[in-house]
Structures are given as structure tokens and as C-alpha cells.
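Counting begins at 1 with the first residue of the sequence.
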Amino acid sequence: MIKKLFLAAAMVLPFMASAQTLKIGVVDSNEIIGKMPETTAAQNTLNDVQKKYQAELQRIEEEFQRQYEEFRNLDENEPAAIKERKASQLQETQQKYDTFQQKVMEDLQKQHDELMAPVFQKFRNAVEAVGKENGFSYIQEISSCIYFGAPVENITPLVKAKLGL
């Protein structure tokens, strides 16, 4: 019986020792990335591009409104071919607006991804550096944690310090 107890203890001790060396951290990426100056610069660039796109979309919209008013104000006795041409112009302008709006959304997303990629990489590098320097085995985004207790450490302040924030 004592042999079995020693054998069980010998098998469980290595697992307990490895569990004790596991160091887990959590980090709030939204808080950190939101405070990085690179994020502000990227957002300003995106805002400038978005304003230019909005101006062009507004111009197309105004063109549509002008064509619509022309179409609406057509005389009842206007030839059918002219009415059809005006209706066709309205459809083309609406289609031009829709197509351009789709391209705008795609381009803004692409530019966002390109501008933010270095920011995310800098954040990841800081998290990795803090993890290595402080002996963390695992670091997780805090917003995806449902619960964390005493053995988990919030490393957000350490990463902010690493980035000079």
C-alpha cells in the first residue's frame, strides 16, 4: 500500500511542479493600440482620404439629384426617346454611385490594414519582449478572457511602459 502511495506521489509531483512554473498574462490591446501615436497618425491619414471620397460621393449624389429634377420636370408631351434617355442617365448615375461607393469601402479597408499593420506589429513585438523578459508562458488578450484569477497577471502596464506610453 505504501509503495502505491509513493508511486502515485512520484507520478503527480512532476505535473504539479510544471503547473507551478506556468506563468500566464493578459493584455488589453485596445487600450494600448488606441494610445499609440502611430494609431493617431494612421487614423488622421484615413480621415483625410475618407473626406476626399465623401466629397466625390457628394458630387455624384448632386449630379443624380440634378438629373432627377430634370427627369421629373419633363413635359408630358416630351418624346419617349428623351424620357428613356433621361431615365437611363439616372440609372447610370445611380450605378456609378453604387460602384464607386463599393470601391471606396474596399480601398479604405485596404488602406486601414496597410497603415495599421506596422502598429500591430510594434504592439506584438512589445508583448513578446515583455513576455520573454518576465518569463510568461502564455499571454492572452484580456477581452477574450471570461475569467482570470490570481495566477494570471495583467501585463498591460508593462507593455505600455515598453512602448513608452
What about M105 and V49, same hydrophobic cluster or not, with Ile/Leu/Val/Met/Phe/Trp/Tyr joined at side-chain heavy-atom distances under 4.5 Å? no
We want to know whether Q102 and D98 form a side-chain donor-acceptor pair, criterion being a heavy-atom distance below 3.5 angstrom. no
Test side-chain contact (heavy atoms from CB on, under 4.5 Å) on E92 and S88 and set out the steps. CA-CA 6 Å; E92 287 174 18; S88 177; 3.4 Å; yes
Indicate every side-chain donor-acceptor pair of residues 116-124 with a distance under 3.5 Å to a residue at least two apart or in another chain.
| unit_1 | atom_1 | unit_2 | atom_2 | d |
| --- | --- | --- | --- | --- |
| Q121 | OE1 | R124 | NH1 | 2.9 |
| Q121 | NE2 | N125 | OD1 | 2.8 |
| K122 | NZ | E38 | OE2 | 2.5 |

For K83, give me all partners under salt bridge (charged side-chain N to carboxylate O under 4.0 Å, His left out), at least two apart in sequence or on another chain. none
Examine distances only and state if a side-chain atom of S137 and a backbone atom of I24 form a donor-acceptor pair shorter than 3.5 Å. no
How many angstroms lie between atom CD of Q94 and atom CD1 of I60, to the nearest 0.5 angstrom? 10.0 Å
List for me each residue that meets salt bridge (charged side-chain N to carboxylate O under 4.0 Å, His left out) alongside E70, sequence neighbours excluded, and say none if there are none. R66, K86
Give, for atom CD of Q91 and atom CD of Q67, the distance between the pair rounded to the nearest 0.5 Å. 11.5 Å
At what distance, to the nearest 0.5 angstrom, does CG of L74 lie from CD of E69? 11.0 Å
Same cluster or not: are V152 and I142 linked, directly or through other Ile, Leu, Val, Met, Phe, Trp or Tyr residues, by side-chain heavy atoms under 4.5 angstrom apart? yes
Nearest 0.5 angstrom please: Q65 CD to L90 CG, how far? 9.5 Å
Heavy-atom pair of closest approach, residues I155 and G25: CG2-CA, 4.3 Å
For N154 and V27, which heavy atoms make the closest approach, and how far apart are they? OD1-CA, 4.4 Å
When you compare the side chains of Q58 and E62, does any donor N or O come within less than 3.5 Å of an acceptor on the partner? yes
Enumerate the ring pair (Phe, Tyr, Trp, His ring centres under 6.0 Å) contacts for residues 47-67, please, sequence neighbours excluded, ordered by first and then second residue. Y53-F100
Carboxylate-amine/guanidinium proximity below 4.0 Å for R59 and E56: yes
Output, in order, the C-alpha distance, side-chain angles, deciding distance and verdict of side-chain contact (heavy atoms from CB on, under 4.5 Å) for I33 and M36. CA-CA 5 Å; I33 291 172; M36 292 174 68; 4.2 Å; yes
Quick check: do E153 and F136 have side-chain heavy atoms less than 4.5 Å from each other? yes
Please report the interatomic distance OG1(T39) to CG(L46), rounded to the nearest 0.5 Å. 11.0 Å
Check: S29 main-chain N/O paired with E141 side-chain donor or acceptor under 3.5 Å: yes
Can you tell me if E106 has over 12 outside heavy atoms packed within less than 6.0 Å of its CD? yes
Locate the shortest heavy-atom distance separating V159 from A126; write the atom from each residue and the value. CG1-CB, 4.0 Å
Which residue pairs pass the ring pair (Phe, Tyr, Trp, His ring centres under 6.0 Å) test with at least one member in residues 25-45, sequence neighbours excluded? none
In one Ile/Leu/Val/Met/Phe/Trp/Tyr side-chain cluster, 4.5 Å: V26, L22: yes
Are K35 and E31 within salt-bridge range, i.e. N to O under 4.0 Å? yes
Would you list the atom pairs, donor with acceptor, under 3.5 Å between side chains in residues 127-134 and any protein atom, with sequence neighbours excluded?
| unit_1 | atom_1 | unit_2 | atom_2 | d |
| --- | --- | --- | --- | --- |
| E133 | OE1 | K162 | NZ | 3.4 |
| E133 | OE2 | K162 | NZ | 2.5 |
| N134 | ND2 | V130 | O | 2.9 |

When rounded to the nearest 0.5 angstrom, what distance separates NZ in K103 from CG in L108? 14.0 Å
